[in-house]
There are 2 protein chains.
Amino acid sequence: MSNRSLNGPREDPAPANEPVTIGLVARAANVSRATVSRVMNGNTKVAPHLADRVRQAAQELGYEPSPVARSLALGRTGIVAMLVPDLGNPMFQGILHRLTEAAGDQNYRLLVADSNENLQEEPLLAIEARRRCDGLVLCAPRMPDEQLRELAPRLSPFVLINRELPESPAPTLTIDFSAGIRDILTHLLGLGHRRLAYLAGPDTSASNHARLETLRTSAGKEFDLVELPCGAAFADGHSVADQLVDIDVTAVIAYNDLVAFGVLSRLHELGISVPAQMSVVGFDDIEFVRYTTPPLTTVSVPLDQLGPQAWSRLWALMREVTVEPDVRFRPRLEVRGSTGPAPRD
Amino acid sequence: MSNRSLNGPREDPAPANEPVTIGLVARAANVSRATVSRVMNGNTKVAPHLADRVRQAAQELGYEPSPVARSLALGRTGIVAMLVPDLGNPMFQGILHRLTEAAGDQNYRLLVADSNENLQEEPLLAIEARRRCDGLVLCAPRMPDEQLRELAPRLSPFVLINRELPESPAPTLTIDFSAGIRDILTHLLGLGHRRLAYLAGPDTSASNHARLETLRTSAGKEFDLVELPCGAAFADGHSVADQLVDIDVTAVIAYNDLVAFGVLSRLHELGISVPAQMSVVGFDDIEFVRYTTPPLTTVSVPLDQLGPQAWSRLWALMREVTVEPDVRFRPRLEVRGSTGPAPRD
DNA sequence: TTGTAGGCGTTATCAC
DNA sequence: GTGATAACGCCTACAA
């Protein structure tokens, strides 16, 4: 049993542990609460000797304004929220990192909500998160357009990340997945590959649809396409890799880097050499894939920019100033060691 | 320029866009605000027909209680914070993920603060984060004992993660780094390695000290130890690997998995075969290292448990009930493919 | 059961 | 410049 919550011997005999509020400081400094408030915020001018008294009293009492009370009085919390579909996905790590950083520079804090891919709860979570703060960065790639649209008014101000929403009422940051796929195709076809596999992500995923559509419309003439249901995680790639050997493809396009990494691993276990026998391509360019063996050819999505760009738009929205235009990030093909000429056979 | 912030044609002609508060609902339902409050919270009994009127009014007006106002009135926010030294480190991803999940089950949200390894700001950040919510999970492995100790009263209730603090006033979850190192040594010595390198992490890192100390006290009799300053990131491992070839070691112990991964990658580039020519060991067992080539031998730290365990303690603290005892997690050696018998030479 | 009224800790608008 | 005083939106004794 812990005794940590027991009170030690009382040290302050007098004030019976009165919570240290602005009123207490005011009394101690013999001024009004208004004056204490002014000193703490430094906006208005107050007489130097009074200010000193206040500061000293605050110091001695260990006073600090209550953020909650300030939030209520000011009508703003100094917090923004970000909702992600799966905190476990490394993709979000960079976004969160940079978003926290950017927001922090303006003295805003970040609340993170994780819907855990639970589409039922997502709308409520978003609303709740939003209500707790001043703005929202929403990443909900699986939410139906219609639902998102009717949700929008209750989420504003917010910025939308990593998904399309035609006629979006909110600033939107997207990634041109189609362009990325086209780059990959050009690359692989140039290497002589004519029969490709696509390891599909979750079929609720908008970005998976975008990839798939581009692939399907391109397939047929120059190359054959085999679609394999897979998923979005390491383990999915790892376990799907066995199927690859049977279907006679020379190159694999994975839904994302995690999957590609799993494939790489499994192929190695199977003794299939990459890229000599099989080329593998990822998507996202999350940090560590340049260190895989061989380093993964992938499409680099500028994840690092997503955070700051989202922040600057949200910041503009909250101040009601002009918002920068939407941007659709053009991914960049990163050719590394996991792709090579198609085996002659 | 975006026209998103312009108001569309006013749709509600009557109530001049009055903010929808509890008072509005009360008027609409023709009851007192107290009654609305009671209905919304469902604690007290109110007459069914009144309750219905209230619910309907709330529904129509789109009313939802303000979390900020509730927080002020109730004296609790329903938020907990976690402070991490570097959100970019994958190690925290799992912790955050699970912590968010566990807290969410109790309807608590998570605020995340990232000190970005800035030791100056860290105390203020911790205090600020804590004040915004009901409790704190603190991960500050570089903060001096003394400072943390004097900070403690202002952070309470909080739980301490991933560091030691003798006589800690807060519940503490630590990892037995020494034991992990000892396991690694036993493993490597058993494989015949007699000359090892340690790639040191940041020298402000408490966990680095723990590892180092164990290594140093063990070294000398059975094996030689070469310490190489390195760091905590992929890139650090990658760039330090070149030095390994010159110092004639047969095995490397990396500060963490990231570093080990970087080493693996560089060794492969250099044509040095792992484990035939060099064994490599990591630390942490972050998710993807089982997929490296070869899969990384590492010490598995039960990161997944850190989040939930931290939460349950914080939860207990906040409710002022008995707190579970501290736990020092015993890491488990995961022997995979990156270690093997020392080369005969 | 329901309403009245006061409080949660700040900030902001007034007079002085 | 400074101090009352009224918000901010909600909750909860207490009284009816």
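Note on naming: letters A, B, ... go to the chains in the order of the sequence lines (proteins, then strands), and numbering restarts at 1 for each one.
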By nearest atom, which of the nucleotides [options] is closest to the [X] side chain?
X: Val31(B); options: dT10(C), dG3(C), dC10(D); answer: dG3(C)
X: Leu72(B); options: dC11(D), dT11(C), dC8(C); answer: dC8(C)
X: Ala34(B); options: dT1(C), dG3(C), dG3(D); answer: dG3(C)

What is the minimum heavy-atom distance between [X] and [Y], and which atoms define it?
X: Glu122(A); Y: Ser115(A); result: OE2-OG, 3.2 Å
X: Leu99(B); Y: Gly307(B); result: CD1-O, 3.5 Å
X: Ser168(B); Y: Leu160(B); result: OG-CD2, 4.2 Å

Would you please confirm or rule out a distance under 4.0 Å between OP1 or OP2 of [N] and any side-chain N or O of [X]?
X: Ser32(A); N: dA4(D); value: no
X: Thr35(B); N: dT2(C); value: no
X: Arg70(B); N: dC11(D); value: yes

What is the distance, rounded to the nearest whole Å, between atom [atom1] of [X] and atom [atom2] of [N]?
X: Arg33(B); N: dC8(D); atom1: CZ; atom2: P; answer: 11 Å
X: Asn41(A); N: dA12(C); atom1: CG; atom2: P; answer: 7 Å
X: Leu74(B); N: dG9(C); atom1: CG; atom2: P; answer: 13 Å
X: Asn30(B); N: dT2(C); atom1: CG; atom2: P; answer: 13 Å
X: Arg38(B); N: dT1(C); atom1: CZ; atom2: P; answer: 10 Å
X: Ile22(B); N: dA5(C); atom1: CD1; atom2: C1'; answer: 14 Å
X: Leu24(A); N: dT10(C); atom1: CG; atom2: P; answer: 10 Å
X: Arg27(A); N: dG9(C); atom1: CZ; atom2: P; answer: 11 Å

**Request:** Would you mind reading off the bend of the helix from dT1(C)-dA16(D) to dC16(C)-dG1(D) from its two end axes, five pairs each, to 10 degrees?
**Result:** 40°
**Message:** For Met143(B) and Arg163(B): C-alpha separation, side-chain torsions, deciding distance, then whether side chain to side chain contact (heavy atoms under 4.5 Å, CB included) applies.
**Reply:** CA-CA 9 Å; Met143(B) 187 182 290; Arg163(B) 76 164 283 160; 3.6 Å; yes
**Asked** Going by number, which of residues 61-69 of chain B have a non-hydrogen atom under 4.0 Å from DNA chain C?
**Response** none
**Message:** Testing the 3.5 Å rule here: is there a donor-acceptor pair between the side chains of Asp134(B) and Thr77(B)?
**Reply:** yes
**Prompt:** In a check of side chain to side chain contact (heavy atoms under 4.5 Å, CB included) between Arg319(A) and each of Val321(A), Thr322(A), Val323(A), Leu317(A), which one passes?
**Reply:** Val321(A)
**Message:** Checking Gln59(A) against Arg55(A) for the side chain to side chain donor-acceptor pair (under 3.5 Å) test, could you report, in this order, the C-alpha distance in whole Å, the side-chain angles of both residues, the deciding distance, and whether it holds?
**Reply:** CA-CA 6 Å; Gln59(A) 171 77 32; Arg55(A) 264 188 288 270; over 6 Å; no
**Item:** Residue pairs fulfilling ring-ring contact (aromatic ring centres under 6.0 Å, His included) with at least one residue in residues 99-143 of chain B, sequence neighbours excluded
**Value:** Tyr108(B)-Trp311(B), Tyr108(B)-Trp315(B)
**Message:** Please check if the number of heavy atoms outside Gln56(A) that lie under 6.0 Å from its CD is greater than 12.
**Reply:** no
**Request:** Report the C-alpha separation of Glu146(B) and Arg149(B) in whole Å, then their side-chain angles, then the decisive distance to 0.1 Å, and conclude whether the salt bridge (charged side-chain N to carboxylate O under 4.0 Å, His left out) test is met.
**Result:** CA-CA 5 Å; Glu146(B) 193 190 0; Arg149(B) 196 165 263 112; over 6 Å; no
**Message:** Among residues at least two apart in sequence or on other chains, which ones pass side chain to side chain contact (heavy atoms under 4.5 Å, CB included) with Arg154(A)?
**Reply:** Ile127(A), Glu64(B)
Donor-acceptor pairs under 3.5 Å, side chain of residues 41-48 of chain B to any protein atom, not counting sequence neighbours: which ones?
{"residue": "Asn41(B)", "atom": "OD1", "partner": "Arg70(B)", "partner atom": "NH2", "Å": "2.8"}
{"residue": "Asn41(B)", "atom": "ND2", "partner": "Ser37(B)", "partner atom": "O", "Å": "2.9"}
{"residue": "Asn41(B)", "atom": "ND2", "partner": "Ser37(B)", "partner atom": "OG", "Å": "3.4"}

**Message:** Expected output is a numbered-order residue list: members of residues 46-59 of chain A with a heavy atom under 4.0 Å from any atom of DNA chain D. What is it?
**Reply:** Val46(A), Ala47(A), Leu50(A)
